[in-house]
Each structure stands twice: as C-alpha cells, then as structure tokens.
Amino acid sequence: MNNDSTPPVSHFIRNIVVRDLESGKHDKIVTRFPPEPNGHLHIGHAKSICLNFGIAAEFGGTTNLRFDDTNPLKESEDFAQAIMNDVRWLGFKWSELRHASDYFQQLYDHAVYLVRNGRAYVDSQDAEQIRTSRGTLKEPGTDSPFRDRSVEENLVLFEKMKIGKFADGEHVLRARIDMASPNINLRDPVIYRIRKVPHHRTGDSWNIYPMYDWAHGISDAIEGVTHSLCTLEFEDHRPLYDWFLENIQTACHPQQIEFARGNLDFTVMSKRKLRQLVEEGHVAGWDDPRMPTIAGLRRRGYTARAIRAFWKQAGVAKSESIIPMGVLENAIRNDMNENAPRVMAVLDPIKVVLDNYPEGESEWLQAPSHPQKPEMGERSVPLSREIWIERGDFMEDPPRKFFRLRPGGEVRLRNAFIIKCTDIRKNAAGEVVEVHCEYDPQSRSGLPGAARKIKGTIHWVSAEHGVGAEIRLYDRLFNVATPLADKDRDYREFLNPDSLHTLTSAVVEPAVAQGKPGDFYQFERVGYFCVDQESKATGLPILNRTVSLRDSWAKLNR
RNA sequence: AGGGGUGUAGUUCAGUUGGUAGAACGCCUGGUUUUGAUCCAGGAAGUCGUGGGUUCGAGUCCUACCACCCCUGCCA
C-alpha cells in the first residue's frame with residue numbers, strides 16, 4: 001500500500017489496537033473512513049485517512065471507504081468521485097466501497113424494532129417546539145406530549161412517514177431515552193426526519209432519511225468495524241453510539257475512539273469556509289494551489305508520500321493543537337530533496353555578457369541531475385556569450401558577507417565557469433541593466449582549473465537557449481496564524497493579498513520546457529517547482545512554486 | 001442539575017506495572033559542499049497547569065483548584 005520506511009510511531013489508539021489484538025478481543029482489525037460527500041477532502045481529512053488506513057494495514061486488517069450520505073440536501077456524486085480520487089491518490093486502497101445509503105432498509109428495520117420495544121416514538125412537534133423542550137445546558141428538557149404514544153400508533157405513523165404521507169417537518173422519529181440527561185445527545189435524539197427530496201444514490205425510494213447518530217454506529221456494526229475512529233466533538237455522542245447498539249439486534253459493537261483534529265496555522269480547514277473561499281472567488285477553485293485541500297496540495301506539487309510523512313510525524317493525540325505550516329513544508333522539502341531533479345531557472349533575470357566568450361558560439365555542458373545521486377543521471381545545459389542571472393545575485397554595493405557577484409568580484413557559474421565582473425551598464429534611471437564579465441576558460445567544471453576556491457556559486461541560463469516561463473509564486477493564504485481567533489473580525493479580512501505572485505519574464509533551461517503537468521524540479525538555489533496542469537506543450541510553460549529552499553541568508557538579514 | 005475532554009522543551013508528540021524526564025521539528029555552534037540547499041557533529045532548551053496528600057521515591061496514584069476546548073441542528 002505505502003512503503004513508508006520509518007518505524008511506526010506509538011500513540012494511544014495504536015496502543016488500544018495492540019492490546020485488543022494481544023488480548024484476543026479481535027483477531028483482525030477493521031476500520032472505515034466515513035466522509036460525507038458534500039465537499040472536498042483537505043489536509044485534516046488526510047490525517048484521518050492515514051490513521052484509519054494506516055492502523056489497519058499495519059496489523060493486516062482492512063478499511064472500508066464509506067460515504068456518510070444521509071443528507072441528500074447537501075450531498076452529490078461529484079463530491080463522492082473527487083473524494084475517491086483523493087483517497088486513491090494519497091496511496092490507500094479501500095477494502096470495500098460502501099454507503100450509509102446501502103443500509104437504508106436495514107436502518108429502517110432496526111428503527112421499527114426500536115419502536116416495537118417502546119424505545120422510539122413519532123414526535124409531531126415542530127422543530128421549534130423540539131428545540132425549546134430540549135432544555136438547556138444547565139436545565140433538563142421536558143417530555144414531548146407525544147412521548148407516550150402507543151407502539152401501534154407509532155408503527156403506523158412511522159410507516160406513513162416512510163411512504164410519503166406527510167410533508168417535510170410534520171413528524172420525526174425520536175429515540176426514547178431520557179429528557180433529563182445531563183448529556184443533551186441523550187435527550188430523545190431525532191433519528192429520522194422527513195425529506196421529500198431525491199437522493200443521489202437511492203433516487204425517490206425514500207421520504208425519510210436517518211440522522212448521523214443512528215446511521216453511523218449501525219453502519220459500523222454492519223461492516224464489522226472493530227475501531228470506529230472519529231474526532232473529539234463526537235465524544236459526547238459515544239454514549240448514544242453505545243445505546244443504539246445495545247438496543248438493536250446486533251452481535252457487533254465497535255469501539256468508538258476519538259482523537260483531535262489536525263489544524264494548521266495560516267489557513268482555515270472547515271469545509272464551509274473552504275467552500276466560501278471558492279464561491280466568493282478568493283481563490284481559483286477547490287484545487288487552487290493555495291488551498292489546504294488535497295487537490296490544492298497536489299496541484300501545488302505536494303506528494304502523497306510527503307503528506308503521509310507529515311501526519312506520521314505529527315502524531316495522534318487528544319489535545320487540540322495547531323501545527324506550524326513550516327512542518328508541512330519541511331515534509332515536502334525532505335521528499336523533494338531526495339527525488340527532485342535539479343535544473344536551473346532564473347526568476348528575475350538580468351543580463352550578463354561574457355565579453356571574452358567567442359561571439360556566435362555555444363557549448364553544451366554536462367550537469368548532474370542530483371549532486372548526491374549519480375544514478376539520477378545528468379542533462380546537457382547550453383552556454384553562450386550572453387546569459388541571464390538572478391537580479392538579486394548581483395549587487396553594485398553589497399553588504400558584508402555577500403558571496404555573489406559584485407564589481408571586480410569573482411563568482412562560479414553553477415556547472416560551468418568562473419567569471420569575473422569587469423563592467424556594468426546602467427539606464428537613465430541609474431539602474432544596472434547589464435553586467436559585463438570575463439570568464440576563465442580553464443575553470444570549466446571537471447577541469448583542474450575549476451578547483452580554485454570561490455566563495456559564491458550562482459545559477460544562470462543561456463540567453464540564446466533559455467525558454468521563457470510563467471512562474472507562480474505562492475505564499476500563505478492568510479497573513480495571520482489563526483484567522484479564526486478574532487471573534488470581532490471575519491476571517492476573510494485576514495486573507496493575504498500577496499498569496500500569489502505571477503512572474504512572466506522568468507527563463508528556464510531547455511530541459512524544463514519538456515516537462516509535463518505534474519513533473520517537478522528543484523530550481524537550484526531557489527526552490528521546488530512543478531509543472532501546472534494548465535501548462536500546454538505550446539506557449540509559455542507554467543510552473544508552480546511548491547516551496548522555497550531553506551534560506552539562511554534571508555534569515556540572517558531579517 | 002450541567003455534561004464531556006485536554007494541560008510534559010519554542011512547536012508537535014512519546015513516557016510501559018510509581019524508580020535520575022525523551023524524540024522529532026525548530027533554534028544556536030562548528031564541519032563538509034561547485035545549490036547561502038543537502039549532509040555530518042555538537043549544544044541550549046522543561047518547577048511535567050497549580051496547591052496539597054500517599055510513598056523511601058510521583059509526569060505516573062489520591063485530592064482541591066486554575067486555564068482552555070466541545071455540547072442546547074429535523075448537519076455530519
């Protein structure tokens with residue numbers, strides 16, 4: 001499935017699984033990943049996916065993908081397809097694809113059983129009445145006037161709800177538990193509501209749909225789930241989860257275990273807000289590379305391997321925490337450092353003329369694709385009399401410790417020759433527009449003359465051979481670490497206006513122009529970039545910056 | 001008559017039946033280097049939320065507090 005090499009990390013859920021295996025409570029682990037198909041998966045869901053699939057796989061168990069499709073008003077097949085695509089892309093294989101809607105008949109039958117036993121009743125109060133009679137956090141609720149309807153009447157009414165004799169909202173089916181429970185979830189929770197709308201899978205067959213609490217635990221039991229992992233906010237629901245399974249006829253009673261969601265700083269992670277960002281046009285779509293969605297991260301250049309490594313490193317616990325974005329970035333840097341072929345690209349070019357290089361000539365130099373991995377091969381890089389270098393790699397009047405090109409100074413061109421700055425040309429505004437150098441023909445990489453000690457090495461692209469490219473520089477979506485923390489201000493006020501910079505005058509070495517969408521590179525000394533899906537074989541190649549290289553020079557100057 | 005949770009280096013987390021507080025990332029120093037990257041070596045860094053108690057000994061057991069999070073959808 002995924003052969004991530006580091007040993008498993010201990011956490012409380014894994015400890016429970018180990019114990020249950022050792023004690024013989026279970027001899028096979030079964031988990032499930034239960035998304036609602038009402039939006040796209042994000043990095044937080046990936047935590048649950050890695051946990052559920054990872055823990056089962058580690059111990060030879062299985063994991064189902066089960067869509068929690070109990071609310072036809074919000075759900076769609078399009079979202080379901082996107083979710084399946086994302087789970088597969090993350091590197092996981094579900095044992096079986098299931099839907100809560102597959103179990104609608106069984107769920108209904110179990111509900112009838114509850115009614116027969118006097119443990120559920122049809123309530124004919126409206127939503128407002130149900131709400132007020134539920135009580136408050138500190139005061140008990142009061143019984144519905146319909147709470148003591150006879151079994152026979154309840155059976156008839158529930159049947160009529162099912163076959164569509166009533167309008168939406170006229171009745172609900174409620175579990176008959178305890179209106180005075182300190183746990184509000186136990187105050188006769190609604191388990192069925194009337195919704196006369198078609199369902200994306202069951203069509204018009206049903207006029208009533210089960211609520212989450214009713215559907216979820218029973219679906220788990222039907223699938224023989226051993227450990228039902230969910231997030232902290234469902235902790236209060238566990239007594240209800242258990243009550244339902246104890247009061248229906250089933251031999252299987254999965255254990256619900258709750259863990260903390262994974263939060264990242266400088267972003268938002270709720271489906272509602274992500275949807276809002278898309279619909280209001282703050283980003284280009286669910287797969288905008290600034291989005292924390294799986295689709296966004298993928299387009300940004302993140303690999304599934306890096307995402308898995310990230311969540312493994314973050315661990316699983318019950319305390320709420322916010323993980324610094326830098327940790328995620330570190331995960332993709334580690335992956336890219338291992339696997340990305342190196343190339344040269346100049347993002348903000350300034351021209352350098354090698355005055356002593358023969359006019360009209362050029363040569364192709366061999367350059368390794370990875371300095372520590374000769375097995376990754378090499379590519380040919382053309383050099384000619386005029387080249388582009390990064391504007392920031394030349395300074396007329398540099399500060400101390402500036403290792404790059406300066407008037408009269410020497411610098412090494414990566415994979416090529418040592419050059420010396422002999423002259424500069426300025427425009428009317430006094431800006432340097434051209435740098436003139438002499439190159440040392442004896443210093444070509446690989447020759448003995450290259451062995452001289454030179455402080456700085458810079459990247460470059462031949463002006464004659466370089467290919468223009470559009471480079472999209474992404475930064476964090478928000479300019480504050482916790483956009484939701486300020487109760488008085490809307491999180492959209494903290495959107496980072498500079499989260500996307502598009503460069504259209506960048507120049508890349510010819511090898512990059514051959515790249516296909518999804519291909520990735522390290523632009524040496526700059527960062528990791530991938531070819532965007534919009535990039536076409538003709539026209540400007542488009543590259544997304546996944547993440548910059550770590551930069552201790554920039555840090556030094558902060 | 002509220003209930004359910006969580007507090008251990010800067011951060012994210014480990015810490016088995018009580019026995020000298022650990023890892024990773026980040027940070028700082030040095031080294032290697034034709035990427036100011038990578039890599040290597042070393043270092044700083046914690047009154048284990050607070051106060052009591054039990055014990056020869058408490059991050060771990062008991063107790064009282066404090067802080068923060070979640071819960072009053074016919075959402076999941």
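The figures here come from the full heavy-atom set of this structure, side chains too, leaving out hydrogens, waters and symmetry mates. The shown structure was predicted, so the numbers you read here are calculated from the model rather than taken from an experiment. Naming convention: chains lettered A, B, ... in sequence-line order (proteins, then strands); numbering from 1 in each chain.
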When you get a sec, tell me which of [options] is the closest nucleotide to the side chain of [X]?
| X | options | result |
| --- | --- | --- |
| A:Phe403 | B:rA76, B:rA14, B:rG36 | B:rG36 |
| A:Asn185 | B:rC25, B:rC71, B:rG3 | B:rC71 |
| A:Arg187 | B:rA1, B:rC75, B:rG5 | B:rA1 |
| A:Glu320 | B:rG4, B:rU12, B:rC69 | B:rC69 |
| A:Ala314 | B:rU12, B:rA37, B:rG4 | B:rU12 |
| A:Glu233 | B:rG36, B:rG5, B:rC70 | B:rC70 |
| A:Leu137 | B:rU12, B:rA14, B:rC71 | B:rC71 |
| A:Pro182 | B:rG3, B:rA76, B:rG36 | B:rG3 |
| A:Arg404 | B:rC71, B:rG36, B:rA76 | B:rG36 |

Looking at [X], I'd like to know whether one of its side-chain N or O atoms comes within less than 4.0 Å of OP1 or OP2 on [N].
| X | N | value |
| --- | --- | --- |
| A:Asn38 | B:rA76 | no |
| A:Ser10 | B:rG15 | yes |
| A:Arg193 | B:rA76 | yes |
| A:Lys455 | B:rU34 | no |
| A:Ser319 | B:rC69 | no |
| A:Thr136 | B:rG2 | no |
| A:Asn15 | B:rA14 | no |
| A:Arg525 | B:rG36 | yes |
| A:Thr70 | B:rA76 | yes |

So [X], base contact, sugar-phosphate only, or nothing? Heavy-atom distance under 4.0 Å.
| X | result |
| --- | --- |
| A:Tyr209 | nothing |
| A:Arg550 | sugar-phosphate |
| A:Gln522 | base |
| A:Asp236 | base |
| A:Asp168 | nothing |
| A:Pro371 | base |
| A:Gln125 | base |
| A:Val190 | sugar-phosphate |
| A:Arg131 | sugar-phosphate |
| A:Val316 | sugar-phosphate |
| A:Gly446 | base |
| A:Phe402 | base |
| A:Arg134 | sugar-phosphate |
| A:Ala260 | nothing |

Partner lookup for B:rA23, please. Criteria are Watson-Crick or G-U wobble with both distances under 3.5 angstrom; report none if nothing qualifies.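 Check on B:rA23: paired to B:rU12, both distances under 3.5 Å.
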
With both distances under 3.5 angstrom, what nucleotide forms a Watson-Crick or G-U wobble pair with B:rU6?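 By the stated definition (distances under 3.5 Å), B:rA67 pairs with B:rU6.
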
For the residue pair A:Phe529 and A:Phe523, is the inter-centroid distance of their aromatic rings smaller than 6.0 Å?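 Yes.
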
Aromatic centroids of A:Phe67 and A:Phe79 separated by under 6.0 Å: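 Not close enough - the centres of the two rings lie 6.0 Å or further apart.
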
For [N] versus [M], give the span between their [atom1] atoms, rounded off to a whole number of Å.
| N | M | atom1 | value |
| --- | --- | --- | --- |
| B:rA24 | B:rA41 | P | 11 Å |
| B:rG4 | B:rA45 | C1' | 35 Å |
| B:rA67 | B:rG26 | C1' | 26 Å |
| B:rG19 | B:rA58 | P | 11 Å |
| B:rU8 | B:rC68 | P | 15 Å |
| B:rG22 | B:rC27 | P | 23 Å |
| B:rA9 | B:rG2 | P | 33 Å |
| B:rC66 | B:rC74 | C1' | 39 Å |

Under 3.5 Å, is there a donor-acceptor pair linking the side chains of A:Glu509 and A:Tyr521?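 No, no side-chain donor-acceptor pair sits under 3.5 Å.
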
Short side-chain donor-acceptor distance under 3.5 Å, A:Tyr241 and A:Asp220: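 The criterion, which ignores hydrogens and geometry beyond distance, is satisfied for A:Tyr241 and A:Asp220.
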
Measure from the side-chain N and O atoms of A:Arg391 to the backbone N and O of A:Pro349, and report whether any donor-acceptor pair falls under 3.5 Å.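 Present.
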
Does the A:Asp213 side chain pair with the main chain of A:Ile191, one donor and one acceptor, at a distance under 3.5 Å?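 No.
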
A:His45 and A:His42 aromatic ring geometry - parallel, tilted or perpendicular at 30°/60° bounds: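 Judged by the thresholds at 30° and 60°, the geometry between A:His42 and A:His45 is tilted.
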
Please state whether the rings of A:Tyr212 and A:His237 are parallel, tilted or perpendicular, taking 30° and 60° as the class boundaries.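 Perpendicular: the ring planes of A:Tyr212 and A:His237 meet at over 60°.
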
Rounded interatomic separation in angstrom, taking CG from A:Asn330 and P from B:rC25: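 Nearest whole value for this atom pair: 7 Å.
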
Does B:rG42 sit syn or anti, given that only angles within 90° of 0 count as syn?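 Base orientation: anti.
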
Let me spell it out: for each of A:Ser552 and A:Ala451, pick the nucleotide of RNA chain B with the closest heavy atom. Which residue's pick is nearer the 5' end?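 In this pair, the answer is A:Ala451.
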
Relative to the 5' end of RNA chain B, which residue comes earlier, A:His171 or A:Lys453, by the nucleotide with the nearest heavy atom?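 Of the two residues, A:Lys453 wins.
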
Cation over ring, A:Lys162 on A:Tyr108, under 6.0 Å and within 45°?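 Ring-cation test returns yes.
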
Going by modelled atom types, is there a donor-acceptor pair between the base of B:rU35 and the side chain of A:Arg342 at under 3.5 Å?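 Indeed there is one.
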
